[in-house]
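Input: a single structure, listed below in structure tokens.
Because the structure is a prediction, the values reported are computed rather than measured. Just so it is clear, the values below take in all heavy atoms, side chains as well, and ignore hydrogens, waters and symmetry mates. Numbered from 1 within each chain, the chains take letters A, B, ... in sequence-line order.
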Amino acid sequence: MKSPILSMAKQRFPNLLELHRTTDLTRWINQMSLSQKAIAASRSTEYLNDLNDEQRSAVENLDNPLLVLAGAGTGKTRVLTTRIAHILNMGRASSWQILAVTFTNKAAKEMKHRIAKLVGESAIEGMPWLGTFHSVGVKILRRHAELVGLQSSFTILDSDDQLRLLKQLLKVEQIDDKRWPARQLAGMIDSWKNRGLLPDKVPSVEGEGFANGKGVELYRAYQARMKDLNAVDFGDLLLEVLKLFQRHPDILKEYQKKFRYILVDEYQDTNVAQYLWLRLLAQGSENVCCVGDDDQSIYGWRGAEVENILRFEKDFKGAKIVRLEQNYRSTDHILKSASLLISHNAERLGKTLHTNIGLGDKVILQSVWDDEEEARTVADDIEQYQRDGISLNEMAVLVRASFQMRSFEDRFLTMGIPYRVVGGPRFYERAEIKDAIAYFAAMLNPSNDIKFERIINVPKRGLGDATVKVIHDYARAEKIPLMIAARQLVETEEIRPKPRATIRALLGQFEGWRGKLEELGHTQLAEIILDESGYTAMWQKDKSVQAQSRLDNLKELVRFMGEFENFTGFMEHVSLVMDAEVETNEPQVSLMTLHSSKGLEFDCVFLPGWEDGLFPHQRALDEGDLVGLEEERRLAYVGITRAKKHLKILFAQNRRVHGKWQSSLPSRFIDELPEANVDIQLGNSSGGGGYGKNSYGGYNAKGRQAEVFAGAYSGQKSAGGSPYDNYDAKNSASYYQQGGGKGWAKKGQSRQIEGKVTKVEIVESSFAVGERVFHQKFGYGTVEKAEGKTLLINFEKSESKKVIDRFVEKVDEPEAQGDLF
DNA sequence: GGGCGTTGCGTTTTT
DNA sequence: CGCAACGCCC
């Protein structure tokens, strides 16, 4: 039960502590420790009973550096959150004395949520230091900005802004950005920052490759320019804090003292800068607990160093290692497959995962003819699982590269299987959202040049390069923000009358909005800004397919703003948080890359595209050494361990690479799977036509399929009748192809049962021939044929396609858009 | 400033 | 092959 005294104290403390410095702080802590200890003694540690021995030791081991090697599905987050709860509960530290860092906002949110469940909401409110590396970085940096040459109101540049800035620099330096693309420079700078290198520290050879040795010089110029703009990029959020700590030991000490416990999630993903950052802070207490899994390190290419985790014992004196090897996620066949595969890696700390969930189904391996058959097979399996009663939410297709998604999307759309692409273009990365945000940022802060420049001519208002250049040059010469420069210039004849009037009007609008900041609610003001600026109108006029969804996104943005108290709160969130989840009630299959699947789990997982050159990717193979290949293998390991019950791996014999068909070989990873835990499945194609051609090969010999199959192909499939007819030829081709391969021997051959085709109720279509419709993927079109749920649509932007009616909206009726998406 | 043609490229992605 | 980014021309 919660003690009223404790929660009262907790509610009061944070503010006090944030205001007072060390002496007061220490006194407070000492006082608190006693009282908290007393309370703790009376509190139950019931939550410990839910843990296994290893987890428990990871939670209770509070007095030395600790590395928790947490295999996939072993309860990593549980350990992390319970440990925090335990620290609080035992009175070891108060919530604001715990630093807990994650990589993604999602992970941070999840942790908060779970801690709250353990110790109650009120305890979490006072956890200001639970967040991503970057959000913690901003927090620290804002407090001490002046010490690293910034004002605490600094703005955070996203990669778009960064690129625009670099392009400007290249122009100033008169470097041909064709030959030396800004992208490449950005990449170099990012990697230097990942490694914690300020311009002075960059090994001189490294900059030589760019623009005749100007690489480092440009890096320096870029940093200087950002200081002028009072801006930082993402890398700086770590690097500048590092600089701050190194140059101001007193401040470092303050934080070392403050953070009595440090916890790090996904330690295998830390880069050098993050590592140095942590090590500096951990020198205070030595009470650092890192949780991670070297076998799941898949971000080496963006600076993550597996070595950090491999070196842990050497880095932190007296460190202990706890291995979590009890897996609570997958069945035995799946786990054995993952384990044998990953055992082919040399550089690893080594773990042996075990499960007591049971054997379960074997991993299914299937060879298909091409990507279309692959998608068809997976889609058929998905429908089968659905009939077995598994929710679409519990199914996922995990691909190596995003181009693989297309054939799956096509297939899902024609079959009417609802799906979601996870990790696609993110909400805040869409142009319309960035534009809107730029308006808001420029309104709130007139010296935010980056944002102002973004929208000065969006929508087009006749302020071209020439005009912008005049303002720009003047602003730089006078060292004043663009908007101020513009304000002064409109009083002169520097700019031709027409654009001059336009700028004056624009500046006037901005001032008007700024003036309303007090009186109006922020969402209301946001709407006004988007309207008056002509931004909304710009998209309303736009005839392109995406225009409507862009407008919807803007609406959603404004709605979402309402969840924040004020404009600034919202903006701070926006600059750091790059995800906004679109909620849907409808179950959907998840489609995503292997990378974005890390941390997730599904009952049924499909891993298509296991071919050499695609997975492992050619780039990794070309590197020659094992480093790249081992990371690919870890990616495979991540993929396999996402599956709880059913796992299917597929490889195609032919794949289109850059438009050309190429025959491909099965991935070398396939031969690294344990034969005893894998079943080979024959193709779906028994070539016989009728329903048989799509017949489901059955999921191994456990016999459960027989019942399930009855009537399996009724419903929508027979309704439309023909969507599959086109595939006959190819189906039989693949059938014969597979005959010679691995595929023959085993059971689970396609049944010839035609399925009791239960009577299909042909629902009268709610669409009429000739009706105009809009489809999310294919755009506008006209109904050519309507049979039940299946429609044949003549699309304006592509050939006629068969689609399912639920993916289509009527164009003329405004009501129709309701709850479709 | 907008439209159109050419060119080059083509893993993985968070903050 | 498909697309995005750039440059050129009107």
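- In this structure, C/dG7 forms a base pair with B/dC4, meeting either the Watson-Crick or the G-U wobble geometry with both donor-acceptor distances under 3.5 Å.
- Protein atom CZ of A/Arg179 is 18 Å distant from nucleotide atom C1' of C/dC6, rounded to whole Å.
- Here B/dG1 is the nucleotide among B/dG1, B/dT12, B/dT11 with the atom lying nearest to any side-chain atom of A/Asn457.
- Dashed line: the shortest gap from a side-chain N or O of A/Ser159 to OP1 or OP2 of B/dT15 is not under 4.0 Å.
- Taking a pair to require two hydrogen-bonding distances under 3.5 Å in either a Watson-Crick or a G-U wobble arrangement, B/dT11 remains unpaired.
- Residue-nucleotide stacking is present for A/Trp301 and B/dT12, judged by a side-chain ring centre under 5.5 Å from the six-membered base ring centre and planes under 30° apart.
- Stacking between A/His617 and the base of B/dT11 is present: ring centres sit under 5.5 Å apart and the planes differ by under 30 degrees.
- Considering only side-chain N and O atoms, A/Asn105 lies under 4.0 angstrom from the phosphate OP1 or OP2 of B/dT15.
- Comparing B/dT15, C/dC6, B/dG2 by their nearest atom to the side chain of A/Lys460 picks out B/dG2.
- Distances were taken from every side-chain heavy atom of A/Ala401 (C-beta onward) to each of B/dT13, B/dT15, B/dT12; the shortest belongs to B/dT12.
- Across B/dT13, B/dT11, B/dT15, the shortest atom-to-atom separation from the side chain of A/His595 is found for B/dT13.
- The A/Ser402 side chain lies nearest to B/dT12 when the options are B/dT13, B/dG1, B/dT12.
- The shortest distance between the side-chain N/O atoms of A/Thr593 and the OP1/OP2 oxygens of B/dT13 is below 4.0 Å.
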